[in-house]
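Letters go in sequence order (proteins before strands), and every chain restarts at 1.
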There are 2 protein chains.
Amino acid sequence: MSLTADLIRGHTDAIILAHLVEKDSYGYEINKAIQAKTSGDYEMKEATLYSAFRRLERAGLITSYWGDATIGARRRYYAVTPSGQRFYYQNREEWQHAKRIIDALLP
Amino acid sequence: MSLTADLIRGHTDAIILAHLVEKDSYGYEINKAIQAKTSGDYEMKEATLYSAFRRLERAGLITSYWGDATIGARRRYYAVTPSGQRFYYQNREEWQHAKRIIDALLP
DNA sequence: CGGGGATACCTTGACAGGCGAGGTATCTTG
DNA sequence: CAAGATACCTCGCCTGTCAAGGTATCCCCG
């Protein structure tokens with residue numbers, strides 16, 4: 001278990017949606033992007049990532065489609081739905097809120 | 001489930017230790033103090049609180065003793081051990097770290 | 001005096017999310 | 001041809017949260 005594993009628990013969905021709000025993407029790319037954005041400090045485990053995809057799709061927050069697999073391995077692309085977008089912006093606000101709370105409690 | 005419940009998941013131990021680092025205390029008081037410090041924005045569920053006590057004590061991060069129960073209901077006081085203190089300070093640093101990571105991922 | 005609310009503790013069991021471990025298939029490069 | 005990158009996926013364990021339920025004491029109000 002990495003240092004930050006438990007602390008980021010609960011933000012998985014928002015982190016994934018943050019990428020999909022910008023553009024449709026697929027698992028492997030999202031994972032690499034997370035590592036890049038955090039300078040390698042954080043890496044989402046694959047199992048976590050894919051179970052999140054299933055959860056989000058089941059909840060109607062994202063949809064998926066197979067990419068053109070003429071070259072390389074096939075890719076399953078994900079796209080945010082309108083309710084997924086709302087969910088994301090709401091989650092971002094909640095993060096700001098939670099941050100204030102925790103900061104108040106860990107002086 | 002309150003808005004911020006999932007987001008604070010994983011900080012329970014640190015939040016409790018933060019209070020005990022200042023002074024020995026007991027469950028009910030800690031809970032009230034959390035509510036006060038967050039202006040009522042956050043309240044730890046009792047079951048969560050007490051299961052955290054058990055976990056922390058098992059791990060040797062806190063110890064407990066019964067308070068003088070001549071008046072009122074009996075109180076079980078908790079005190080931080082040296083390793084509990086180290087754990088707390090380490091957790092606080094990890095929180096700063098996690099905060100930076102999440103901020104980077106939720107633009 | 002009786003009842004409700006505050007104080008104070010505790011346990012059980014269900015549930016959800018993270019993730020280790022394992023698996024598949026393709027492409028590129030030395 | 002082997003190794004490593006790309007790309008996907010599942011099973012099942014573990015841990016933490018918490019709804020629900022329980023106990024006992026004290027104080028105040030009508």
Original post:
Reckon B:E29 touches a base, only the sugar-phosphate, or nothing at all at heavy-atom distances under 4.0 Å?
Top reply: nothing

Original post:
Would you say the side chains of A:H97 and B:D41 form a donor-acceptor pair under 3.5 Å?
Top reply: yes

Original post:
Quick one: is A:R54 getting a side-chain N or O under 4.0 Å of the D:dC9 phosphate, OP1 or OP2?
Top reply: no

Subject >> Phosphate OP1/OP2 of D:dT10 contacted by A:Y50 side-chain N/O (<4.0 Å) >> reply: no

Subject >> Minimum-distance nucleotide (side-chain atoms of A:Y26 versus D:dT17, C:dA8, D:dC8) >> reply: D:dC8

**OP:** Please tell me if the side chains of B:I62 and B:T81 come closer than 4.5 Å, counting only heavy atoms from C-beta onward.
**Re:** no

Original post:
What nucleic acid atoms does B:R9 come within less than 4.0 Å of, heavy atoms only: base, sugar-phosphate, or nothing?
Top reply: base

Original post:
Parallel under 30°, tilted from 30 to 60°, perpendicular over 60°: which one fits the rings of A:Y77 and A:Y26?
Top reply: perpendicular

**OP:** Could you tell me whether the phosphate oxygens of C:dG17, OP1 or OP2, come under 4.0 Å of any side-chain nitrogen or oxygen in A:S51?
**Re:** no

**OP:** Mind checking side-chain hydrogen bond (donor to acceptor under 3.5 Å, both in side chains) for B:S51 and listing every partner two or more places apart, or none if nothing turns up?
**Re:** none

Original post:
Counting just side-chain N and O atoms, does B:Y28 come under 4.0 Å of either OP1 or OP2 of C:dC9?
Top reply: no

Original post:
Looking only at side-chain N and O atoms, does A:R76 come under 4.0 Å of OP1 or OP2 in D:dC9?
Top reply: yes

**OP:** For the helix from C:dC1-D:dG30 to C:dG30-D:dC1, measure the angle between the helix axis at one end and the axis at the other, each built from five pairs, rounding to 10°.
**Re:** 20°

Subject >> Distance-only donor-acceptor check, side chains A:T63 and A:E57, under 3.5 Å >> reply: no

Subject >> Donor-acceptor contact below 3.5 Å, side chain B:S83 vs main chain B:G60 >> reply: yes

**OP:** Could you check which residues of residues 98-107 of chain A get a heavy atom under 4.0 Å from DNA chain D? Sort them by number, please.
**Re:** none

